[in-house]
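I have placed the structure first, in the form of structure tokens, so that the comments after it can refer back to it.
Residue numbers start from 1 in every chain, and the chains themselves are labelled A, B, ... in the order their sequence lines are given, proteins ahead of strands.
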Protein chains: 2
Amino acid sequence: MSNDEKIYQKILKAIVEHQLPPGARLPEDRLSEAFGVSRTGIRKVLQRLALEHFVVIARNKGAQVNHPSEDEALEVLDSRILIEPQLIEGVQSHWNAEQSERFRDLVEEEHEAEQVGEMASSIQATARFHYELAQLAGNSVLATFVEQLCYRSSLVIAAYGTRSSVSCDCGDHSQLLTLLDEGQTKKAQAWMKHHLQSIKKSLVLEGQEEQNIDFQRLFS
Amino acid sequence: MSNDEKIYQKILKAIVEHQLPPGARLPEDRLSEAFGVSRTGIRKVLQRLALEHFVVIARNKGAQVNHPSEDEALEVLDSRILIEPQLIEGVQSHWNAEQSERFRDLVEEEHEAEQVGEMASSIQATARFHYELAQLAGNSVLATFVEQLCYRSSLVIAAYGTRSSVSCDCGDHSQLLTLLDEGQTKKAQAWMKHHLQSIKKSLVLEGQEEQNIDFQRLFS
DNA sequence: TCCGTTTTAATTGTATACAATAATTAATAC
DNA sequence: GTATTAATTATTGTATACAATTAAAACGGA
């Protein structure tokens, strides 16, 4: 893996794991000395992150972690609701014992992270479950798009998520695996749709956005 | 629009209109003198085009117009087949006389370009019809993705297309507009699916070669 | 002529310098 | 003391220089 790619991965990880919260500034020189490269390499990475909507770059003002709008948040989830259930069919056709075991390991990782209370790795593992499943459907163009949507979802959850956004109350991913094991494609599709919809519902879209503080009253 | 953006648009246009054929090399210094900027700006644009799969960059070997593999070609079309029909519902709900007229104008442009035999603008207009329709569905995340898929389709057609890939034999886009006018959502969905499938079928999957390009004249 | 090696040229990778712009602080007038 | 302006600092935008790498040409021996 190239050096640029490693830097990209590290920053992206920090963003989706909420170590760099939405709105955090990302000055080029600070990053360049942190990673031990010149600004040139950092700029390249930031441009990429901007194209993928993980950061926003304002001319002459630099980059900061994207704080998705409410519209963007909903659209990201809606996109997943439209695509991911449709991929189940392809997943089912590639399903076998080996895959089943591999994904159960992933679910196990999710559980462990959640038990220990490590929000960061829990989010990471959950996203990974979804986009590795997408890869199995056999269309890498769509799989890449879903992967990006999963990461963007992490950012959305950072901005608007609640506890149940991470470990949603419709049950865990192992239920889906069981349905796939049993060859119940339709039910698996329905499960996936419901799963994503419940994540969407768990978002709280209000409050912290633009709170216009009335200093007059506050200090009178 | 920033200067970078203008350069990006021009190169992208040249690619999707087949003036820069798949496989064409894009040396940084040649482009930088053609556009009158330093290599820095050109590199930025090339990186973006690479992320969007319009060019491929090989380390120490530079960029060239992507020649999509057969797999990629099929996956791009399959992605559209999966997504675009699903957007019809949202399109229908936003449909009105004004939109109808706007899209009929677009179809008119397609016809004119085709009459004159201008492959380039014909391809451009056809892509535009599809992604502007996608925008109407009300999900800008998906619309952006569909837009990219449409442009990538132009590249696929450059590599594997035939005459009927651009002006497909299942009839023109005005048929879809009529269905939308009549509120026949299901039929419109089916039409869209069939339309994209017939484009996919029109591809002939085998290869060809490259040539030499005068960047100075192309971009002056 | 053909093949392999060596040398040369062309091209990209990375760092740095300087200019342009925005943000912050200091200064001044009222 | 406050508000407005000026000066300073910090940060990004762009071009260029040089190193690293690859591709191409020249060369020599069989």
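In plain terms, the two heavy atoms of B:A158 and B:H18 that are nearest each other are CB-NE2, 3.1 Å. Smallest separation of non-hydrogen atoms from A:V91 and A:L133: CG2-O, 3.3 Å.
When the P atom of D:dT21 is taken as reference, atom CD1 of B:I57 falls 18 Å away, rounded to whole Å. The interatomic distance linking B:L26 (CG) with C:dA10 (P) rounds to 19 Å, in whole Å. Taking atom CZ of B:R43 as the reference point, atom P of D:dT16 lies 16 Å away to the nearest angstrom. Going from atom CG of A:N60 over to atom P of D:dT12 covers 10 Å, rounded to whole Å. Look at CD1 on A:I42: it is 13 Å from C1' on C:dA15, rounded to the nearest Å. Rounding to whole angstrom units, CD of residue B:Q64 and P of D:dT22 are separated by 16 Å. In this entry the distance linking CD1 of A:I7 with C1' of C:dA15 reads 13 Å, nearest Å. Rounded to an integer number of Å, the gap from CG of A:D4 to P of C:dA15 is 9 Å.
Checked against the 6.0 Å centroid criterion, the rings of B:Y160 and B:H67 qualify as a close aromatic pair.
The side chain of B:E28 lies closest to C:dG13 when the candidates are D:dT14, C:dG13, D:dT11. You'll find that the side chain of A:P27 is closest to D:dT12, out of C:dT14, C:dA15, D:dT12.
Only one option out of B:K44, B:K10, B:R43, B:R48 pairs with B:D4 in a salt bridge (charged side-chain N to carboxylate O under 4.0 Å, His left out); it is B:K44. When the options B:V55, B:L155, B:L26 are evaluated for a side-chain contact (heavy atoms from CB on, under 4.5 Å) with B:L20, the one that passes is B:L26.
At the phosphate of C:dA23, OP1 or OP2 sits under 4.0 Å from a side-chain N or O atom of A:K61. The shortest distance between the side-chain N/O atoms of A:S38 and the OP1/OP2 oxygens of C:dA15 is below 4.0 Å. Close to D:dT16, at under 4.0 Å from its OP1 or OP2, lies no side-chain N or O of B:R39.
When each of A:K44 and B:D29 is assigned the nucleotide of DNA chain C bearing its nearest heavy atom, the one mapping closer to the 5' terminus is B:D29. Nearest-nucleotide positions on DNA chain D for B:R59 and B:V37 put B:V37 closer to the 5' end. Each of A:R25 and A:T40 has a nearest nucleotide on DNA chain C; the 5'-most of these lies closest to A:T40.
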